[in-house]
Amino acid sequence: MKIAVGNDHAATELKFVIVDYLKELGHEVVNFGTNGSESCHYPEFGEKVGLAVAAGEVDCGILICGTGVGISIAANKVPGVRAAVCSDCATARLVKQHNNANIIAFGARIVGSELAKDIVKAYLDAEFLGGRHQTRIDMIHEIEMRNQK
Ligand code: RB5
């Protein structure tokens, strides 16, 4: 798969661990940064990855900030993005199976690197179940359409 990654300064170290892990698994990685440790602003990276995912330039995205929350909120402002914060493997599996999340996010200040790798694997290995879950995703899409300016 082609996978976009994005992060702020709080998560650069973990981002590189995840990039290496994704490559080990045979995936192509598009790194939207940051690659440094200087303070920066997570919305920028959430939007970049969100736009790449929504445009179909990549198959899915992985976002990391201190908690995973700010960067996922930013990505979710891009129409068509379903970014979900996951701090455990069961959630990572379920956000694909039920929500067809096209981005997962987690926090470098919340999860360690081994758990982060397991979260990524659980998400990538899972498949969307469709059926009643598609109905609910369609409803989310309708909310997006109704509230466009
Ligand atoms: C940066 O200090 C921190 O606020 C950010 O990484 C993230 O946790 C926000 O949600």
Side-chain angles (χ1 to χ4, degrees), residues 1-8 10-12 14-34 42-149:
M1 278 200 276
K2 192 169 176 180
I3 302 174
V5 297
N7 62 285
D8 73 358
T12 301
L14 181 57
K15 188 271 295 291
F16 283 122
V17 171
I18 295 302
V19 167
D20 287 348
Y21 181 60
L22 290 170
K23 288 179 178 170
E24 262 173 47
L25 293 175
H27 299 293
E28 184 184 345
V29 178
V30 185
N31 176 14
F32 285 91
T34 183
Y42 59 78
E44 181 188 334
F45 307 100
E47 182 182 22
K48 282 180 179 166
V49 169
L51 288 170
V53 169
E57 291 164 15
V58 293
D59 297 298
C60 63
I62 297 175
L63 289 170
I64 323 173
C65 65
T67 59
V69 174
I71 203 162
S72 65
I73 291 174
N76 275 317
K77 298 301 177 190
V78 177
V81 166
R82 291 178 303 281
V85 180
C86 306
S87 299
D88 63 85
C89 295
T91 304
R93 170 175 54 81
L94 284 163
V95 300
K96 174 68 84 56
Q97 290 179 332
H98 287 199
N99 315 115
N100 204 12
N102 45 19
I103 296 179
I104 56 164
F106 44 84
R109 294 173 179 159
I110 306 297
V111 301
S113 57
E114 289 307 308
L115 177 55
K117 288 194 277 186
D118 287 349
I119 286 169
V120 166
K121 184 83 164 61
Y123 169 73
L124 294 176
D125 285 350
E127 285 183 19
F128 178 50
L129 296 175
R132 67 184 188 281
H133 304 295
Q134 184 59 56
T135 304
R136 293 159 188 166
I137 288 168
D138 292 343
M139 291 171 71
I140 292 171
H141 180 63
E142 283 161 19
I143 294 170
E144 212 168 54
M145 293 293 109
R146 275 201 301 276
N147 290 284
Q148 268 181 354
K149 288 193 179 134

Original post:
Can you tell me how far CZ of Arg82 sits from CG of Asn99, rounded to the nearest 0.5 angstrom?
Top reply: 8.5 Å
Subject >> Distance, nearest 0.5 Å, that separates NZ of Lys121 from CG of Leu22 >> reply: 11.5 Å
Original post:
Can you tell me how far CG of Asp8 sits from OH of Tyr42, rounded to the nearest 0.5 angstrom?
Top reply: 8.5 Å
Subject >> Any donor-acceptor pair under 3.5 Å from Lys96 side chain to Tyr123 backbone >> reply: yes
Original post:
Where do Gly80 and Asn102 come nearest, in terms of heavy atoms and distance?
Top reply: O-ND2, 2.9 Å
Original post:
Heavy atoms, side chains only, cut-off 4.5 Å: are Phe16 and Asn7 in contact?
Top reply: no
**OP:** Taking all heavy atoms of Ala54 and all of Val78, pick out the closest pair and write down the distance.
**Re:** CB-CG1, 3.8 Å
Subject >> Under 3.5 Å: donor-acceptor pair, side chain of Tyr21, backbone of Ser113 >> reply: no
Original post:
Atom CD1 in Ile18, atom CD in Glu24: separation rounded to 0.5 Å?
Top reply: 10.5 Å
Original post:
Mind checking whether Phe106 and Leu115 have side chains closer than 4.5 Å, heavy atoms only?
Top reply: no
Original post:
Are any non-hydrogen side-chain atoms of Gln134 and Asp138 less than 4.5 angstrom apart?
Top reply: yes
Original post:
Around His141, counting heavy atoms of other residues, nucleotides and ligands shown, do more than 12 lie under 6.0 Å from its NE2?
Top reply: no
Subject >> Nearest non-hydrogen partners of Gly50 and Ile103, listed with the distance >> reply: CA-CD1, 4.0 Å
**OP:** Begin with the C-alpha distance, continue with both residues' side-chain angles, and end with the deciding distance and a verdict on side-chain contact (heavy atoms from CB on, under 4.5 Å) for Val30 and Val5.
**Re:** CA-CA 6 Å; Val30 185; Val5 297; over 6 Å; no
Original post:
Which pair of heavy atoms, one from Val95 and one from Cys86, lies closest together, and at what distance?
Top reply: CG2-SG, 3.9 Å
Subject >> Rounded distance [0.5 Å steps], CG in Asn76 versus CD in Glu144 >> reply: 9.0 Å
**OP:** Nearest 0.5 Å please: distance from the CZ atom of Arg93 over to the OG1 atom of Thr91.
**Re:** 9.0 Å
Can you list, pair by pair, the side-chain donor-acceptor contacts under 3.5 Å of residues 57-74, counting residues two or more places apart and other chains?
unit_1 : atom_1 : unit_2 : atom_2 : d
Asp59  : OD2    : Lys2   : N      : 2.7
Thr67  : OG1    : Val69  : N      : 3.0
Ser72  : OG     : Gly68  : O      : 3.0
Ser72  : OG     : Val69  : O      : 2.8

**OP:** Measure the shortest side-chain to side-chain distance between Ile119 and Asp88 over non-hydrogen atoms and say whether it is less than 4.5 angstrom.
**Re:** no
Original post:
Side chains of Phe45 and Thr34: does their closest heavy-atom pair fall under 4.5 Å?
Top reply: yes
Subject >> CD/Gln97: more than 12 non-hydrogen atoms of other groups inside 6.0 Å >> reply: yes
**OP:** Verify side-chain contact (heavy atoms from CB on, under 4.5 Å) between Leu124 and Met1, making sure each step is shown before the conclusion.
**Re:** CA-CA 9 Å; Leu124 294 176; Met1 278 200 276; 3.4 Å; yes
Original post:
What closest approach, in Å, do Cys89 and Asp118 show between heavy atoms, and which atom pair accounts for it?
Top reply: SG-CB, 3.6 Å
**OP:** Assess Lys48 against Phe32: is NZ or CZ under 6.0 Å from the centre of the six-membered ring, and within 45 degrees of the ring's axis?
**Re:** no
Original post:
Is there side-chain contact between Ile3 and Glu28, with heavy atoms separated by less than 4.5 Å?
Top reply: no
Original post:
Would you say Met145 has more than 12 foreign heavy atoms packed within less than 6.0 Å of its CE?
Top reply: yes
